Amino acid sequence: QVELVESPGGSVHPGGSLTLSCAASGRASRSQTMGWFRQAAGKEREAVATIRSGDRKTWYTQSVKGRFTVSRDVAKNMIYLQMNSLKAEDTAVYYCAGTSSNLIFGYMGREEGYEYWGLGTQVTVSS
């Protein structure tokens with residue numbers, strides 16, 4: 001049973017915007033830390049943006065700072081990724097992830113800290 005389900009991604013032009021959402025259910029809905037990872041073709045999966053539920057602390061990879069915003073609606077069991085000023089290098093499959101652990105800041109961007117994963121959604125940025 002998949003407990004994290006991402007919304008469909010899409011194709012946008014460079015400079016455009018796109019918002020991804022992810023619905024959590026079951027055990028994943030009680031995640032203390034959630035976030036978004038991505039994997040571009042031929043590359044390893046990397047953390048993009050993560051958020052702790054309790055204090056709303058966020059972590060971003062350097063390449064998206066100032067362009068992407070992660071947020072979570074605990075009551076609706078949803079997490080979002082607002083992506084602005086998209087670039088071709090943002091093209092990837094984006095994955096929603098969660099963990100029951102309240103990760104310390106230094107671990108929020110580490111894949112091994114997350115036990116719940118969505119199936120991924122494709123985001124393509126091209127002209």
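Here the structure is a predicted model, which is why all the values come from computation and not from measurement.
Residues meeting the side-chain hydrogen bond (donor to acceptor under 3.5 Å, both in side chains) test with Thr99, sequence neighbours left out: Glu115. Under the side-chain hydrogen bond (donor to acceptor under 3.5 Å, both in side chains) criterion, Lys43 pairs with no residue, sequence neighbours left out. Scored by the ring-ring contact (aromatic ring centres under 6.0 Å, His included) test, Phe37 finds Tyr114, Trp117 as partners (sequence neighbours excluded). Legend: residues meeting side-chain hydrogen bond (donor to acceptor under 3.5 Å, both in side chains) with Gln32, ordered by chain and number and at least two apart, are absent. With sequence neighbours excluded, no residue satisfies side-chain hydrogen bond (donor to acceptor under 3.5 Å, both in side chains) with Asn102.
Taken from OG in Ser126 to NE2 in His13, the straight-line distance is 7.5 Å, to the nearest 0.5 Å. Here the CG atom belonging to Leu103 is positioned 4.0 Å from the OG1 atom belonging to Thr33, to the nearest 0.5 angstrom. Between Ser29 atom OG and Ile79 atom CD1 the span is 13.0 Å, to the nearest 0.5 Å. If you take OG on Ser17 and CZ on Phe68, they are separated by 9.5 Å, rounding to the nearest 0.5 Å. Atom-to-atom distance recorded for Gln122:CD and Tyr94:OH is 9.0 Å, nearest 0.5 angstrom. Between Gln82 atom CD and Ser21 atom OG the span is 11.5 Å, to the nearest 0.5 Å.
If you chain together hydrophobic residues whose side chains sit under 4.5 Å apart, Val48 and Met34 fall into the same group. Two different hydrophobic clusters hold Trp36 and Tyr80 under the rule that ILVMFWY side chains link at heavy-atom gaps under 4.5 Å. Connection of Leu81 to Val93 is not established within any shared hydrophobic cluster, with ILVMFWY side chains joined at heavy-atom distances below 4.5 Å, either directly or through further cluster members.
Between Thr121 and Leu20 there is a side-chain heavy-atom pair separated by less than 4.5 Å. Residues Asp90 and Val123 form no side-chain contact, since every pair of their non-hydrogen atoms from C-beta on lies 4.5 Å or further apart.
Within 6.0 Å of CD in Glu89 there are more than 12 heavy atoms belonging to other residues, nucleotides or ligands.
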Exercise for the section: Given side-chain contact (heavy atoms from CB on, under 4.5 Å), test Arg45 with Glu111 step by step and report yes or no. Expected result: CA-CA 8 Å; Arg45 188 158 60 184; Glu111 182 174 335; 2.7 Å; yes
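Residue Leu4 comes nearest to Cys96 through the heavy atom pair CD1-O, 3.7 Å, listed as atom of the first residue, atom of the second, then distance.
Pairs engaging residues 47-59 under the side-chain hydrogen bond (donor to acceptor under 3.5 Å, both in side chains) rule: Arg52-Asp55, Ser53-Arg72 [sequence neighbours left out].
With Tyr95 as the aromatic partner, Arg38 does not meet the cation-pi criteria of under 6.0 angstrom to the ring centre and within 45 degrees of the ring axis.
One N or O on the side chain of Glu6 and one on the backbone of Leu119 form a donor-acceptor pair closer than 3.5 Å.
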